[in-house]
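Below you'll find the structure, written out as structure tokens, and then a few comments.
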Amino acid sequence: MKNRLISSLIFILAGLFTILAPTVLFPVCESEMKMSCYYTKQAEIGVGLLIIALGIVSVLFSSSKVRLGISIAQFFNAILVLAFPLKLTGLCKMSEMACRAGTLPALIVISVLLLIAAGVNAGYLATAGKNDGK
Amino acid sequence: MVSELRSTINSVKSRAFHSSCLITATALLSFMLFSGIVIDRSLNNGMKNMDRRLGADLMIVPKGAKEKAENLILEGQRGTFYFDGSVDDRIREVEGIKEVTAQCFLKSLSADCCSSEVELVFYDPETDFIVGPWIAENYSNSIGPDSVIVGSDIVCENGTIKLFGKEYKVLSSMAKTGTALDTSVYFPSDAMPAVLADAEAKSSFLTEEQKDGDILSSVFVNIEDGYDTSKVIEKCRQKVGDVDVVYLKQLNESLSDNLLKITDVLEFVLIAGTVLIFVILVLINSVIINDRKQEIALSRILGRSKKKICNALIKETGCISLFGSFIGCGLGALIVIPFGRYIGMKLDMPYLGPGAAASVIQLTVIMIIVFLISLFSSLFVVIKTTNIEPYLALKKEAE
């Protein structure tokens with residue numbers, strides 16, 4: 001129960017920060033023209049909502065196998081958080097622009113922390129499942 | 001060796017709450033030390049780099065371009081501001097002028113080679129005393145019209161760079177500055193007409209001034225010793241009309257003062273924080289060892305020597321400090337290194353983050369420092385406890 005609550009809380013917070021980073025905390029460049037970072041922001045809002053939804057689902061299920069699956073999904077979501085600014089949608093090209101100086105570092109921090117949390121939780125659940133099987 | 005390590009880890013795990021308190025404290029200490037030292041060093045490196053970049057007394061720019069020019073010096077962020085191409089020659093004629101060199105910037109032009117946009121700088125190799133010393137670190141021969149010097153962030157294949165469909169030989173890559181200068185390409189001024197023609201042929205957007213070609217963005221000036229700077233500037237204004245002047249030396253001095261204030265505060269916070277966490281570590285260790293008095297006394301009765309018990313406790317401290325400092329430094333690196341440019345921009349200071357090798361060295365040094373701090377924080381309590389007579393310790397526990 002403790003693991004379920006803690007891991008779900010971490011996932012929900014990570015999702016929340018994924019949405020807040022490009023919109024409120026470190027907003028992407030403001031421009032009338034829709035630049036690459038605008039689409040990255042939209043994509044991050046989507047991924048953030050997905051991370052929150054999976055975090056909520058994780059609280060509702062007590063089965064460790066379901067939660068293991070959710071943790072693996074969150075692991076790949078963490079990669080997606082970083083893939084949007086770095087590869088898929090991109091950011092503005094100049095290094096001193098707001099999206100590169102603020103948004104990208106924030107997304108790097110969120111992505112790495114989510115990656116570690118999801119990986120550790122998946123490892124823990126897999127080991128616990130094995131031990132229960134014995 | 002492996003079994004000893006395993007028993008140490010098991011011992012740390014068996015006291016989960018106490019161990020997590022110690023790990024949190026050491027992680028906080030490492031995070032603070034790592035982040036503080038990296039920021040401090042990066043600001044100092046940025047300042048040193050700027051010192052080397054400012055090889056002139058004055059920078060003369062077109063009227064209204066002063067702010068852009070200061071941004072160029074602080075962040076390397078170039079703007080497109082121009083005056084006519086004869087300004088440097090006219091300034092050279094002014095009495096009291098020792099050296100004059102001019103540069104011209106073309107902003108935000110995409111290079112075929114690069115994923116990011118590059119900025120083109122045209123400088124005069126014959127009169128130059130700004131870029132030259134900077135380049136001379138890696139390259140000492142003269143630069144031709146078909147060759148360029150590139151900033152450190154520009155990656156070139158086979159020693160060439162393709163700009164507007166034409167390949168240029170890369171003579172040298174400049175040292176990292178931590179600013180937009182790292183994404184600049186330096187051309188000799190002779191190459192400007194050809195580059196502009198190529199850019200126009202490739203349908204790149206050029207302003208009317210840029211199309212004209214006979215333009216300069218800034219003139220760097222050194223004044224002869226014994227001449228009054230303000231009078232020389234007045235004469236320059238009479239010669240070339242109303243221009244803005246950036247006092248590079250004054251700007252540098254004011255930035256150095258700011259840096260000193262920031263680093264002073266940073267160092268004070270680091271020292272105060274370290275002392276505070278040291279006290280917290282001593283308190284936690286006292287509580288832990290106090291709780292373990294009975295266990296230590298029993299170990300003594302069962303024949304374990306003081307030295308062995310001390311060793312085991314020190315190993316536990318080492319294990320905890322290693323884990324805590326790894327987490328702290330990791331978090332510090334994760335936050336401070338990517339946010340480097342943001343920190344520099346917010347402080348309005350030049351900021352040059354550490355390279356991979358420097359980061360690893362800093363991480364190792366901080367882990368050693370944290371280990372030593374953890375060790376000292378537990379040493380006194382450990383020695384005191386292991387010196388207590390086992391009988392007395394057990395008696396006190398029983399009471």
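Order of the sequence lines fixes the chain letters, A, B, ..., with proteins taken first and strands second; residue numbering starts at 1 for each chain. Quick note: numbers below take in every heavy atom, side chains included, and nothing from hydrogens, waters or symmetry partners.
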Interatomic spacing from CE in M345(B) to CE in M97(A) - rounded to 0.5 Å:
9.5 Å
Under the rule for side-chain hydrogen bond (donor to acceptor under 3.5 Å, both in side chains), what residues qualify as partners of S36(A), not counting sequence neighbours?
none
Those residues that, when tested against S359(B), pass side-chain hydrogen bond (donor to acceptor under 3.5 Å, both in side chains) (two or more places apart):
none
Residues 67-84 of chain A: residues contacting chain B (heavy atom under 4.5 Å, by number):
none
Measure distances from I343(B) to the heavy atoms of chain A and classify the residue's part below 4.5 Å as side chain, backbone, both or neither.
neither
Those residues of residues 103-114 of chain A, ordered by number, that approach chain B below 4.5 Å (heavy atom to heavy atom):
P105(A), A106(A), I108(A), V109(A), V112(A), L113(A)
Between F339(B) and F26(A), what is the ring plane arrangement, given parallel below 30°, perpendicular above 60°, and tilted in between?
tilted
Inspect the surroundings of CZ in R41(B) and state if more than 12 heavy atoms from other residues, nucleotides or ligands are less than 6.0 Å away.
no
Is it true that atom CZ of F122(B) has more than 12 heavy atoms of other residues, nucleotides or ligands lying nearer than 6.0 Å?
yes
